[in-house]
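Just so you know, these numbers use all the heavy atoms, side chains as well, and skip hydrogens, waters and symmetry mates. Note that this is a predicted model, so its numbers are computed, not measured.
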Amino acid sequence: MRTAYDIIIRPIITEQSMEDMDIKKYVFEVAKDANKVEIAKAIEEIFGVTVIKVTTTHMRGKTKRVGANPSGTSKSWKKAVVKLSEDSKNIEIFENMA
């Protein structure tokens, strides 16, 4: 049985994600095999908020040059954008970032 902390790996802190905080959208890296229902339940359990929408996308790893000839890739990962309800509180992790 996976816990909520196995599903939510880390928050994504970028300029775009900081702008979306005003409309209560937060971005997280999640487990590749997690579905939208599991992600919503994990966010609600960890942060005590109400999730109304989850959108996910698979981020493909970029090709990187390693040495002279061989090339490698960075890892592929899954991103989730979580929309909270209007009466829900903000997530504390992102409070001091803006």
Side-chain angles (χ1 to χ4, degrees):
M1 183 72 183
R2 293 193 309 184
T3 65
Y5 295 97
D6 294 332
I7 296 171
I8 306 301
I9 298 173
R10 67 184 178 99
I12 305 297
I13 311 294
T14 61
E15 287 183 25
Q16 182 66 44
S17 67
M18 292 294 110
E19 290 176 7
D20 287 344
M21 282 180 19
D22 297 336
I23 56 174
K24 295 200 175 195
K25 277 190 180 180
Y26 298 94
V27 183
F28 295 93
E29 179 182 348
V30 296
K32 280 187 177 183
D33 57 346
N35 61 31
K36 293 180 181 184
V37 175
E38 291 174 336
I39 294 168
K41 287 182 181 178
I43 293 292
E44 289 176 351
E45 179 182 331
I46 292 171
F47 300 108
V49 294
T50 305
V51 175
I52 58 172
K53 186 175 182 181
V54 177
T55 56
T56 60
T57 184
H58 290 276
M59 306 300 289
R60 196 173 353 161
K62 296 179 181 177
T63 303
K64 300 289 182 180
R65 184 174 166 157
V66 180
N69 288 332
S71 63
T73 59
S74 59
K75 71 173 189 164
S76 298
W77 53 285
K78 188 173 186 178
K79 175 170 76 171
V81 179
V82 178
K83 173 83 170 138
L84 304 181
S85 66
E86 291 298 324
D87 58 341
S88 182
K89 65 178 184 174
N90 291 334
I91 295 179
E92 293 86 20
I93 290 176
F94 297 93
E95 288 297 317
N96 297 326
M97 297 291 178

Pairs involving residues 70-85, ordered by first then second residue, that meet side-chain hydrogen bond (donor to acceptor under 3.5 Å, both in side chains) (sequence neighbours left out):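 As it turns out, the side-chain hydrogen bond (donor to acceptor under 3.5 Å, both in side chains) pairs with a partner in residues 70-85, which skip direct neighbours, are E29-K75, S85-D87.
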Side chains of residues 36-50: which donor-acceptor partners sit under 3.5 Å, not counting sequence neighbours?
| residue | atom | partner | partner atom | Å |
| --- | --- | --- | --- | --- |
| E38 | OE1 | R2 | NH2 | 3.0 |
| E38 | OE1 | N35 | N | 3.2 |
| E44 | OE2 | V51 | N | 3.2 |

D6 side chain vs T3 backbone, donor-acceptor pair below 3.5 Å: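 Between the backbone of T3 and the side chain of D6 there is a qualifying donor-acceptor contact (under 3.5 Å).
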CA sep, side-chain torsions, deciding dist, call: D20, V81, side chain to side chain contact (heavy atoms under 4.5 Å, CB included): CA-CA 10 Å; D20 287 344; V81 179; 5.7 Å; no
Indicate, with yes or no, if [Y] and [X] share a hydrophobic cluster defined by side-chain heavy-atom contacts under 4.5 Å among Ile, Leu, Val, Met, Phe, Trp and Tyr.
X   : Y   : value
Y5  : V30 : yes
I52 : V82 : no
L84 : M18 : yes

Atom of Y26, atom of I91 and distance for their closest heavy-atom approach: OH-N, 3.5 Å
Pairwise distance NE2(H58) to NZ(K32) - rounded to 0.5 angstrom: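 It is 8.5 Å, given to the nearest 0.5 Å.
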